[in-house]
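Accompanying notes for the structure given below.
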Amino acid sequence: MQKRDFLTLLDFSPSELEALVRRAIELKRNRHAHRPLVGRTLAMIFEKSSTRTRVSFETGMAQLGGHALFLSPRDTQLGRGEPIEDTARVLGRMVDAVMIRNNDQRAQEQFAAACDVPVINGLSDRFHPCQLLADVQTLVEHFGSVRDRTVAWVGDGNNMCNSFALAARQFGFRLRVACPEGFEPDADVLSQCGDAVDVMHEPAAAAEGADAIVTDVWASMGQEAEQQQRMAAFRAYQVDDALMTRAADDAVFLHCLPAHRGEEVAASVIDGPRSLVWAEAENRLHAQKALLCALMDPPAG
Ligand code: CP
Ligand code: NVA
């Protein structure tokens with residue numbers, strides 16, 4: 001059988017993605033009931049820091065009966081220049097799936113092309129698809145469905161924003177992106193999203209009547225040198241109580257975390273009653289368990 005990768009949300013069809021979210025909600029009801037991955041191993045390559053992604057994949061594999069290996073370039077031959085394709089070929093002969101977090105979506109594609117087992121994007125410079133499974137799960141749990149809802153993204157048009165754009169296309173919601181000029185999401189991503197995504201520059205316009213307001217850090221991992229310049233560019237883009245009042249009365253707030261209170265979000269919002277960020281973080285575990293089962297233990301037929 002042909003192996004499948006999960007490098008972007010376009011690797012699964014809309015109905016497959018909806019099934020993953022449904023499965024995640026089921027798995028959440030009893031996290032220790034299903035052990036279909038006994039004897040399977042997930043290798044996890046982290047070229048960047050992580051709390052949620054590492055702990056959710058490692059715990060998820062343990063709960064499913066399998067095992068996860070943490071690999072850092074510092075301790076493997078990847079850090080000493082072994083070609084990424086050679087590493088991919090070797091891991092593909094030993095483990096049952098690989099997760100990669102790095103700064104280069106194209107390197108992930110090269111890795112996946114050389115690897116005989118499924119490869120999962122645990123975040124790259126361009127996308128963070130696993131986070132979107134958890135985010136959509138969180139919205140579905142709260143609202144019953146995301147279809148035809150309106151989500152406002154306020155801040156940087158970064159890897160998370162690109163993934164929200166693809167999620168809008170795949171799950172059938174509208175995304176309004178408010179970002180400073182020069183910080184828009186990738187043009188080729190937008191070109192694949194049709195009228196599901198609108199880009200604007202005014203946070204209040206994006207937030208007007210929205211069902212959810214979402215943001216992320218102003219300087220992503222690897223952009224530390226731009227921190228000061230970005231702080232100035234994004235000053236008017238903080239999600240605060242005034243912006244939340246523009247949204248629908250029952251609107252919620254999401255953030256993939258880690259967050260910087262007082263920068264992209266006010267403490268009163270992230271720690272307030274409309275914030276779903278802790279359920280969102282927990283859902284990384286359940287959504288990725290559904291993904292791991294789909295990739296390593298696909299239903300017959
Ligand atoms: N949201 C997220 O991916 O968190 P980590 O960087 O802690 O994995
Ligand atoms: N945009 C952030 C997301 C972290 C989970 C980053 O890439 O650092």
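In each ligand, atom 1 is the first atom listed, and ligand 1 is the first ligand listed.
Applying the 4.0 Å criterion to heavy atoms of Cys256 picks out, from ligand 1, the atoms 1 (N). Against a heavy-atom cut-off of under 4.0 Å, Asn158 is close to the following atoms of ligand 2: 1 (N). Annotation for ligand 1: atoms under 4.0 Å from non-hydrogen atoms of Leu257 are 1 (N), 2 (C), 4 (O). Interface atoms of ligand 1 facing Thr51, defined by a heavy-atom separation under 4.0 Å, are 5 (P), 7 (O), 8 (O). Residue Leu257 approaches ligand 2 through these ligand atoms, each under 4.0 Å from one of its heavy atoms: 5 (C).
For Arg230 and Glu263, the salt-bridge test fails: no basic side-chain N is under 4.0 Å from an acidic carboxylate O. Salt-bridge annotation for Arg89 and Asp116: absent, with no side-chain N of the basic residue lying under 4.0 Å from a carboxylate O of the acidic one. Electrostatic pairing of Glu18 and Arg23 does not count as a salt bridge here, judged by no charged N lying under 4.0 Å from a carboxylate O.
Between Trp278 and Leu257 there is a side-chain heavy-atom pair separated by less than 4.5 Å. Taking 4.5 Å as the limit, every side-chain heavy atom of Asp156 sits out of range of all side-chain heavy atoms of Cys179.
With Phe143 as the aromatic partner, Arg149 meets the cation-pi criteria of under 6.0 angstrom to the ring centre and within 45 degrees of the ring axis. For the pair Arg147 and Phe173, the cation does not sit on the ring face, since its NZ or CZ is not both under 6.0 Å from the ring centre and inside 45° of the axis. Geometrically, Arg4 engages Phe12 in a cation-pi contact, judged by NZ or CZ lying under 6.0 Å from the ring centre and within 45° of the ring axis.
Of the polar atoms of Asn159, at least one N or O is found under 3.5 Å from an N or O of ligand 2, judged by distance alone. In terms of polar-atom proximity, Arg101 is not counted as a contact of ligand 2, lacking any N or O under 3.5 Å from an N or O of the ligand. An N or O contact shorter than 3.5 Å links Met221 to ligand 2 by distance.
Contact annotation: for Leu123 versus ligand 1, there are no heavy atoms closer than 4.0 Å. Only the side chain of His128 comes within 4.0 Å of ligand 1, counting heavy atoms alone; its backbone N, CA, C and O stay farther away.
Ligand 1 is approached by Arg284 to a heavy-atom distance shorter than 4.0 Å. Using a 4.0 Å heavy-atom cutoff, Arg101 is listed among the residues neighbouring ligand 1.
Ranking protein heavy atoms by distance to atom 4 (C) of ligand 2, first place goes to Leu123 CD1, 3.8 Å. The nearest protein atom to atom 3 (C) of ligand 2, hydrogens excluded, is given as Asp216 OD2, 3.6 Å; this is a heavy-atom distance. Nearest protein heavy-atom contact of atom 4 (O) of ligand 1 is Arg52 NE, 2.8 Å.
Between Phe164 and Trp153, the ring-plane angle classifies as tilted under the 30° and 60° cut-offs.
Under the 4.5 Å side-chain contact rule for hydrophobic residues, Val154 and Met160 do not share a cluster.
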